[in-house]
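What follows is a set of notes on a single structure, which appears directly below.
The residues of the chain are indexed from 1 along the displayed sequence.
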Amino acid sequence: MSWIRERELSLIERLTANILKAGPMPKHVAFIMDGNRRYARKRHVERQEGHTQGFDKLAETLRWCLNLDIREVTVYAFSIENFKRSKEEVDGLMELAKQKFSRLLEEQENLEKHGVCIRVLGDLTLLPLDLQEVIAKAVVSTRKHNNCFLNVCFAYTSRHEIANAVKEMAWGVEEGLLKSSDVSESLLSKCLYSSSSPDPDLLIRTSGEVRLSDFLLWQTSYSCLVFQSVLWPEYSFWNLCEAILQYQLSYLSLQKARDLHREQQALQQLEADRNCVADLMMHHGKGNGKAADTHSRQEHLLNYAADREERVQGFLGTLQHRRDSYFTELAGKAALA
């Protein structure tokens, strides 16, 4: 099965899509693709067949998203917690992932046609080396595509991601790339695996479970959350439309909450910068509290904010280079093997 199923929408599906697109549409949708194992039990087939059917449904869902002008999709493919499952099931999932990422490498023409960039988010060092290599080749081969994006969360949990982001910032301070005062909520967001993507507008979980299972906890604080009872391999175009309709009904309140959060972040950063400037001026004997110092304080504040932003951007550039190099080096080793 191709990563993106080539099939046009039916007449009624196209009509529905056009009606939906008259309203606000999510630009980024995340899926917790739950229910593969229950689907297998329901159909009296092996668990592996349920997971295979789940991948096939992802390929179909990506096609629907393209038809609905949803240009970014993030999926929860394999949690770190899944390593606790039986060795047989985990090995089967690793082999299935290797097959599918290998298949992706055979579909370069199709992926280039749609401009699909594949990103894999998670702690890939937890995976078998041969799977790491084939994932790296897939990521590097689509890196320059920019029409639409598929983020596959593999060997991932949100708490692990947040802890890793904290370690990255600590490394930046230790290396002298950052000052400890540069550390902020905004910077942490930019150190997450998902830093290249906007936060999801809509998160959908199938199978009737109403929890996030440690998926995108930070990124979905202001997302529309939709829980649907359908098992993932049985997901339909109409289920997706229903979720988008729920997003549209919640759009104004979500937008208001996001705007308020952005304003609060900006105010928090301004206050932090002011405190740092006040400490610096006091240290250098320039802060006597007189009104005549207002202009000087404002000038110092602007200079400090500019310097901080330069440090942060330099650090983020170094961090992105480290991450890109990981994939590039792995892909290079795989090519030489």
Answer yes or no: is there a donor N or O on one side and an acceptor on the other, between the side chain of Gln228 and the main chain of Thr206, under 3.5 Å? no
Heavy-atom pair with the smallest gap, counting every atom of Val226 and Gln246: CG1-NE2, 3.6 Å
Any donor-acceptor pair under 3.5 Å linking the side-chain atoms of Gln264 with those of Gln269? no
Between Val152 and Leu121, is there a side-chain heavy-atom distance shorter than 4.5 Å? no
Show, in sequence, the C-alpha distance, side-chain angles and deciding distance for Leu9 and Trp64, and conclude whether the side chain to side chain contact (heavy atoms under 4.5 Å, CB included) test is met. CA-CA 8 Å; Leu9 299 180; Trp64 298 332; 3.9 Å; yes
Could you state the interatomic distance from CD (Glu13) to OG (Ser236), rounded to the nearest 0.5 Å? 8.5 Å
Asn151 side chain to Glu72 side chain, donor-acceptor N/O pair below 3.5 angstrom: yes
Are Lys42 and Glu234 close enough for a salt bridge, meaning some N to O gap below 4.0 Å? yes
Using modelled atom types and a 3.5 Å cut-off, is there a donor and acceptor pairing between side-chain atoms of Asn147 and backbone atoms of His114? yes
Thr220 to Pro200 - nearest heavy-atom pair and separation: CG2-CG, 4.2 Å
More than 12 heavy atoms of other groups within 6.0 Å of Gln108 CD: yes
Could you tell me which non-hydrogen atom of Leu187 sits nearest to which non-hydrogen atom of Val183, and how far apart they are? CD2-CA, 4.1 Å
Could you tell me if the side chain of Thr142 sits less than 4.5 Å from the side chain of Val139, heavy atoms only? no
Check the pair Lys98, Glu95 against salt bridge (charged side-chain N to carboxylate O under 4.0 Å, His left out), reporting the backbone distance first and the verdict last. CA-CA 5 Å; Lys98 185 179 176 182; Glu95 182 58 31; 5.2 Å; no
Check whether any side-chain N or O of Trp232 sits under 3.5 Å from a backbone N or O of Asp34 as a donor-acceptor pair, and report yes or no. no
Heavy-atom count around Arg159 CZ within 6.0 Å, excluding the residue itself: above 12? no
Without hydrogens or angle criteria, can the side chains of Tyr222 and Gln255 be said to hold a donor-acceptor pair below 3.5 Å? no
Heavy-atom closest pair (Tyr326 atom, Gln132 atom, distance to 0.1 Å) is OH-OE1, 2.8 Å
Within 6.0 angstrom of His261 NE2, more than 12 heavy atoms from elsewhere: yes
Return yes if some donor-acceptor pair links the side-chain N/O of His145 with the main-chain N/O of Val116 below 3.5 Å, else return no. yes
Would you check if there is a donor-acceptor pair between the side chains of Ser79 and Tyr76 at a distance under 3.5 Å? yes
Where Asn82 and Val90 come nearest, the two heavy atoms and their spacing: O-CG2, 3.4 Å
Test item: His321 side-chain N/O and Gly317 main-chain N/O as donor-acceptor pair under 3.5 Å: no
Donor-acceptor check, side chain of Asn18 to backbone of Arg14, threshold 3.5 angstrom: yes or no? yes
Interatomic distance, CG@Leu319 vs CG@Leu178, rounded to 0.5 Å, equals 9.5 Å
Taking the six-membered ring of Tyr304 as reference, does the cationic atom of Arg311 (NZ for Lys, CZ for Arg) lie under 6.0 Å from its centre and within 45° of its axis? yes
To the nearest 0.5 angstrom, please state how far the CD1 atom of Ile118 sits from the CG atom of Leu150. 4.5 Å
Given Thr328 and Arg143, is the side-chain hydrogen bond (donor to acceptor under 3.5 Å, both in side chains) satisfied, shown in steps? CA-CA 10 Å; Thr328 302; Arg143 183 178 281 168; 3.1 Å; yes
Checking side chain to side chain contact (heavy atoms under 4.5 Å, CB included) for the pair Val173/Met169: CA distance, chi angles, key distance, verdict? CA-CA 6 Å; Val173 173; Met169 291 188 295; 5.7 Å; no
Check: Asp273 side chain, Leu270 main-chain N or O, donor-acceptor pair, under 3.5 Å: no
Could Arg258 and Asp201 be called an ion pair, given the rule that one side-chain N must be under 4.0 Å from one carboxylate O? yes
Is there a side chain to side chain contact (heavy atoms under 4.5 Å, CB included) between Ser197 and Thr74 once you walk through the steps? CA-CA 10 Å; Ser197 302; Thr74 299; 5.5 Å; no
Salt-bridge contact Lys137-Glu133 (side-chain N to carboxylate O under 4.0 Å): no
Indicate yes or no for a side-chain donor-acceptor contact from Gln48 to the backbone of Gly92 under 3.5 Å, with no hydrogens or angles considered. yes
Would you give the length of the straight line joining atom CD1 of Ile204 to atom CD of Glu242, rounded to the nearest 0.5 angstrom? 9.5 Å
Is a side-chain donor-acceptor pair under 3.5 Å present for Trp218 with Ser158? no
Nearest non-hydrogen partners of Pro26 and Ile70, listed with the distance: O-CG1, 3.5 Å
Heavy-atom count around Glu46 CD within 6.0 Å, excluding the residue itself: above 12? no
Between the OG atom in Ser229 and the CG atom in Asn239, the distance rounded to the nearest 0.5 Å is 8.0 Å
Do Asp123 and His160 have a side chain donor and acceptor closer than 3.5 Å? yes
Are Val29 and Val75 connected in a single hydrophobic cluster, I mean Ile/Leu/Val/Met/Phe/Trp/Tyr linked by side-chain heavy atoms less than 4.5 Å apart? yes
When you look at NZ of Lys167, are more than 12 heavy atoms from neighbouring residues, nucleotides or ligands closer to it than 6.0 Å? no
Please check this pair: side chain of Gln248 against backbone of Leu20, looking for a donor-acceptor N/O pair closer than 3.5 Å. yes
Less than 3.5 Å apart, any donor N or O on the side chain of Ser194 or Gln219 sitting next to an acceptor on the other? yes
Do Leu202 and Leu252 belong together in a cluster built from hydrophobic side chains that touch within less than 4.5 Å? yes
SB check Glu49 Arg43 (cutoff 4.0 Å): no
Examine the side chains of Arg205 and Ser213 and answer whether a donor and an acceptor come within less than 3.5 Å of each other. yes
Please tell me whether Glu309 and Gln313 have a donor and an acceptor in their side chains that are separated by less than 3.5 angstrom. yes
Assess whether a salt bridge exists between Asp259 and Arg262, defined as any Lys/Arg side-chain N lying under 4.0 Å from an Asp/Glu carboxylate O. yes
Between Leu203 and Ile32, is the side chain to side chain contact (heavy atoms under 4.5 Å, CB included) condition met? List the steps. CA-CA 8 Å; Leu203 182 144; Ile32 301 178; 4.2 Å; yes
Do Arg103 and Glu107 make a side-chain contact, defined as non-hydrogen atoms from C-beta onward lying under 4.5 Å apart? yes
Cation-pi between Arg322 and Trp171: NZ/CZ under 6.0 Å from ring centre and within 45° of the ring axis? yes
Inter-residue atom distance Leu240.CG - Cys65.SG, 0.5 Å rounding: 5.5 Å
Quick one: do Glu60 and Arg63 make a salt bridge, cutoff under 4.0 Å? no
Using 30° and 60° as the class limits, which term best fits the ring planes of Phe78 and Phe154: parallel, tilted or perpendicular? parallel
Modelled atom types, side-chain donor and acceptor of Ser196 and Arg119, under 3.5 Å: no
Do the side chain of Lys21 and the main chain of Leu68 share a donor and acceptor less than 3.5 angstrom apart? no
